[in-house]
Amino acid sequence: MTVLSAGSGSGGATRTVTTGTRAWELFADDPEVVAARVNGELRDLSRELASADEVEPVSIDSTAGRDILRHSTAHVLAQAVQQLFPEARLGIGPPVVDGFYYDFDVAEPFRPDDVEHIESRMRKIVKEGQRFDRRAVTDAQARDELAAEPYKLMLVDLKGAAKPDDGSSVEVGAGELTLYDNVRRDGSVAWTDLCRGPHLPTTKRIPAFRLLRTAAAYWRGNEQNPQLQRIYGTAWESKEALDAHLHRLQEAQRRDHRRLGAELDLFSFPDEIGSGLAVFHPKGGVLRKTMEDYSRRRHEEAGYEFVYTPHLTKAGLFETSGHLQWFADGMFPPIRIDEERDADGQVRKPGQDYYLKPMNCPMHCLVFGSRGRSYRELPLRLFEFGTVYRNEKSGVVHGLTRVRGLTMDDAHIFCSREQLRGELTTLLVFVLDLLRDYGLEDFYLELSTKDPDKYVGDDAVWDEATDTLAEVAAASGLELVPDPGGAAFYGPKISVQARDAIGRTWQMSTIQLDFNLPERFGLDYTAADGSRQRPVMIHRALFGSIERFIGVLTEHYAGAFPPWLSPVQVVGIPIAERHAEHLDDVASRLRGQGVRVEVDRSDDRMQKKIRSAQLQKVPYMLIAGDRDVDDAAVSFRYLDGEQDNGVSIEVAVDRIVTAVRERRAR
RNA sequence: GCCGGCGUGGCGCAAUUGGUAGCGCAUCCGACUUGUAAUCGGAAGGUUAGGGGUUCGAGUCCCCUCGCCGGCUCCA
């Protein structure tokens with residue numbers, strides 16, 4: 001037998017033990033070890049080993065170890081729930097990122113104080129130190145023991161067909177069925193669940209956990225299935241790790257763009273307008289305008305041409321594009337213009353349906369098709385901050401990240417097949433460069449490829465395009481995550497995922513090939529040899545939606561935008577009223593250089609003014625008192641509390657203007 | 001769309017078993033003029049999201065609508 005050190009994957013000391021040894025005997029002196037990886041497969045510490053086995057300890061603070069901890073905690077949750085609510089039927093209880101959940105079928109949904117009771121019952125179970133005891137059973141035995149658990153019975157029927165992505169694989173694997181008994185110290189069985197394991201040796205080995213929230217969830221993730229009540233929780237290898245996680249949750253809350261949007265007076269969602277429809281206030285407006293202006297400039301430099309198209313169109317356009325056939329339920333219902341009849345009842349003007357546009361591409365196709373096109377015009381890059389409306393389902397609307405009215409920084413590139421490779425290469429570089437300029441640094445790519453059952457277009461073109469995307473992605477040096485079958489029916493796609501300041505990932509830009517729309521719109525151009533050729537179309541958006549991008553940046557920066565984006569860049573704070581004039585002079589010099597600056601002339605005390613500017617997250621506070629006035633200087637205070645006193649006005653203005661121009665962090 | 005929770009001045013929160021809607025911040029006015037995160041005093045501000053019902057009486061109980069929050073499903 002070979003015993004490896006945790007996480008080593010290879011090497012390690014070789015120890016000879018007899019068959020029948022149990023894994024825990026090997027790691028008895030290490031309390032962190034909660035399971036074993038035997039020949040690459042996770043096993044309970046109590047499982048017997050064979051002499052040829054390669055055994056690696058699994059530590060509770062490893063990824064696999066935490067999953068086991070969380071899954072075991074989910075069992076404790078389920079036991080607690082069934083003790084308190086004997087009629088509750090069990091769904092599934094897998095570990096998820098940073099935690100776990102368990103689904104229950106109960107007559108009454110859980111209430112907040114139920115959760116408290118459940119949690120304290122769980123603590124009792126943990127204290128009891130129940131052993132997790134594995135027992136292999138036949139299908140018939142399992143059905144017999146689980147007769148009262150209809151959902152578990154369904155899982156038994158699904159055995160082998162369990163999808164890895166719906167969580168059911170934690171209950172049943174492809175091999176034999178197993179039950180886990182929770183055995184008390186006195187040998188009595190407290191509770192049993194269908195589960196493939198592995199588990200912690202005992203409940204006592206759960207160092208720290210917390211129940212977080214309840215919610216409804218469809219059985220096996222399908223809307224057609226009944227809804228179960230889900231309880232979410234988290235569990236960690238130590239109290240400190242749990243606290244750190246709860247602190248991260250708090251941090252995410254502190255950064256919530258909905259909260260910061262109100263605090264910083266950036267935007268709001270007036271009930272009077274409707275769900276998912278934002279208005280930008282002056283401070284959010286200047287932020288947005290700055291973002292857009294910079295984007296426009298970069299697009300201009302990169303050879304894009306600007307177009308403008310209306311928000312509303314007759315139904316026919318979306319019949320041509322196919323949107324009405326595919327996505328009608330995501331579109332707002334039509335505005336019906338009734339037909340008009342004359343006195344004789346003859347139709348004078350036929351009725352018409354008009355739709356709010358959910359996408360800009362059909363309009364851009366019309367621009368391309370508005371006259372004959374030459375190969376000399378390609379690639380033709382049409383750009384628009386195009387506002388679109390999507391009838392998002394009521395339950396999904398969420399701050400700025402999921403809205404019903406949004407503005408895409410949308411472009412459609414029409415090029416020849418020969419140009420595709422070059423265009424995609426420069427495009428990806430352009431996209432990443434621009435995102436970096438806005439302060440996102442950490443990316444990975446996702447390549448969505450053909451769903452063989454659902455696509456249009458020529459296989460050869462698909463292959464070529466997909467290969468090109470893959471090459472371009474590889475050349476970027478970024479991590480590439482394949483998403484097989486994830487492409488839309490009309491073409492493959494690369495999406496850029498960005499990690500923010502606290503490590504969350506957001507889907508940002510998409511670069512999507514389209515073999516469908518040029519066909520549907522009958523677009524063509526005259527090639528050098530005089531033949532008519534069909535262009536390939538690339539859809540691309542960097543921000544995705546500007547609203548959402550503002551939301552993401554707000555959370556990324558926790559509202560403390562870098563100077564170039566900050567709605568108010570400088571606040572002048574006079575120590576006494578007599579110093580205000582001096583700051584007005586400085587302010588007007590800054591304003592002359594395009595800096596957004598205010599002088600706080602309120603009758604608050606200076607300390608209060610600092611606090612106000614701090615809460616508004618203004619990057620530069622310029623403070624002036626007698627000393628500064630005498631020296632023709634100002635004193636800097638930055639958001640981190642650092643000061644730089646007695647800086648000459650000359651230097652101060654230059655420092656700020658330079659930081660803004662170069663988009664520096666401060 | 002589904003399940004649950006919630007909706008009280010601009011914001012954050014109070015309001016015994018159904019019995020006169022309060023507080024802090026912000027706002028406005030006045031006083032004060034102070035070197036790095038909250039000076040003091042005063043005033044104004046609410047048909048308790050909207051509509052309907054029960055009741056002598058509803059912020060509180062019931063129904064509907066709208067909106068928000070947490071999930072599920074969805075996201076061209």
Side-chain angles (χ1 to χ4, degrees), chain A residues 101 103 106 108-112 114-115 212-232 253 256 258-259 262-263 265 268-277 318 321-331 358-362 388 390-399 401-404 406 408 487-491 493 507 510 512 514 516-517 539 544-545 548 573-580 602-616 621-628 635-639 641-646:
Chain A
Y101 65 80
D103 288 342
V106 279
E108 295 288 318
F110 299 111
R111 288 177 320 191
D114 291 334
V115 174
L212 296 176
R213 62 177 65 93
T214 62
Y218 299 105
W219 168 240
R220 302 196 79 230
N222 189 330
E223 219 176 345
Q224 311 304 322
N225 289 343
Q227 276 196 337
L228 307 179
Q229 294 301 313
R230 176 171 296 180
I231 299 179
Y232 280 96
Q253 231 174 14
D256 191 317
R258 295 166 299 188
R259 168 199 167 112
E263 282 175 7
D265 198 14
S268 60
F269 300 88
D271 291 356
E272 293 85 341
I273 297 181
S275 181
L277 297 164
F318 293 123
S321 69
H323 285 98
L324 272 173
Q325 292 90 308
W326 297 99
F327 308 118
D329 55 343
M331 293 169 64
M359 290 188 94
N360 300 301
C361 31
V388 299
R390 297 174 179 186
N391 190 12
E392 300 286 3
K393 290 192 282 183
S394 61
V396 308
V397 171
H398 181 90
T401 55
R402 195 80 179 270
V403 290
R404 289 184 169 156
L406 57 131
M408 305 179 74
F489 68 91
Y490 50 81
K493 156 178 103 170
Q507 178 174 319
T510 55
Q512 167 100 53
D514 190 340
N516 183 48
L517 279 185
H539 306 245
S545 110
R548 182 166 179 276
I573 297 176
I575 284 170
E577 208 173 316
R578 63 179 182 279
H579 308 119
S602 69
D603 52 8
D604 288 330
R605 300 174 71 193
M606 178 258 306
Q607 287 85 344
K608 178 64 180 298
K609 294 179 181 181
I610 290 172
R611 179 180 151 85
S612 304
Q614 191 85 30
L615 292 175
Q616 284 298 301
M621 289 169 236
L622 296 185
I623 296 168
D626 288 335
R627 289 204 292 276
D628 299 285
S635 294
F636 277 78
R637 183 193 159 98
Y638 299 98
L639 278 179
E642 197 185 317
Q643 329 177 5
D644 188 5
N645 295 337

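Chain naming here is simple, since letters A, B, ... match the order of the sequence lines and numbering starts at 1 in each.
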Which helical stems does RNA chain B take part in, if a stem means at least 3 consecutive Watson-Crick or G-U pairs with both distances below 3.5 Å?
B:1-7 with B:66-72, B:10-13 with B:22-25, B:27-31 with B:39-43, B:49-53 with B:61-65

What's [X] touching, base or sugar-phosphate or nothing? Going by heavy atoms closer than 4.0 Å.
X	answer
A:F269	nothing
A:N645	base
A:D628	base
A:P358	base
A:F489	nothing
A:R258	sugar-phosphate
A:E577	base
A:S275	sugar-phosphate
A:R637	base

Euclidean distance, atom [atom1] of residue [X] to atom [atom2] of [N] [Å, nearest integer]:
X	N	atom1	atom2	result
A:M359	B:C75	CE	C1'	11 Å
A:Y101	B:G71	OH	C1'	11 Å
A:E272	B:C68	CD	C1'	14 Å
A:L277	B:C66	CG	P	15 Å
A:D329	B:C74	CG	P	12 Å
A:L622	B:G35	CG	C1'	14 Å
A:D644	B:G35	CG	C1'	15 Å
A:N222	B:G1	CG	P	19 Å

Residue whose nearest RNA chain B nucleotide is more 5′ - A:Q643 or A:D256
A:Q643

Judged by nearest nucleotide, the residue sitting upstream toward the 5' end of RNA chain B, A:Y232 or A:G641, is A:G641

Using the side-chain heavy atoms of [X], tell me which of these nucleotides is nearest: [options].
X	options	result
A:H323	B:C72, B:U33, B:A76	B:A76
A:D603	B:C32, B:C72, B:A76	B:C32
A:K608	B:A37, B:U39, B:U36	B:U39
A:I610	B:G1, B:A76, B:U36	B:U36
A:S635	B:A38, B:U36, B:U33	B:U36
A:M606	B:A26, B:U36, B:A76	B:U36

Could you give the distance separating [M] and [N] at their [atom1] atoms, to the nearest angstrom?
N	M	atom1	value
B:C72	B:G45	P	46 Å
B:U20	B:A58	P	12 Å
B:G41	B:C25	P	10 Å
B:G59	B:A21	P	8 Å
B:G18	B:G57	P	16 Å
B:U65	B:G22	P	34 Å
B:G5	B:A76	P	32 Å
B:G53	B:U48	P	16 Å

Is there a side-chain contact between [X] and the phosphate of [N], meaning an N or O under 4.0 Å from OP1 or OP2?
X	N	value
A:H398	B:G70	yes
A:S612	B:A38	no
A:R213	B:G71	yes
A:K393	B:G71	no
A:R605	B:C40	no

For the residue pair A:L517 and A:H539, what are the closest heavy atoms and their distance?
CD1-CE1, 4.1 Å

Is there a donor N/O on one and an acceptor N/O on the other, under 3.5 Å, for the side chain of A:R402 and the base of B:C74?
yes

Measure distances between side-chain N and O atoms of A:Y218 and base N and O atoms of B:G71, and say whether any donor-acceptor pair falls under 3.5 Å.
no

Taking everything shown except A:Q325 itself, do over 12 heavy atoms lie less than 6.0 Å from its CD?
yes

Test item: [X] side-chain N/O and [Y] main-chain N/O as donor-acceptor pair under 3.5 Å:
X	Y	result
A:D256	A:Q253	no
A:S635	A:G646	yes
A:Q643	A:Y638	no
A:R390	A:P358	yes
A:Q616	A:E263	yes
A:T510	A:Q512	no
A:R404	A:E392	yes
A:K609	A:I623	no

For the pair A:D329 and A:K393, find out whether any cationic side-chain nitrogen is under 4.0 Å from an anionic carboxylate oxygen.
no

Could you run down the sub-3.5 Å N/O contacts of the protein with nucleotides 3-13 of chain B?
unit_1, atom_1, unit_2, atom_2, d
B:C3, O4', A:Q227, OE1, 2.5
B:C3, O2', A:Q229, NE2, 3.2

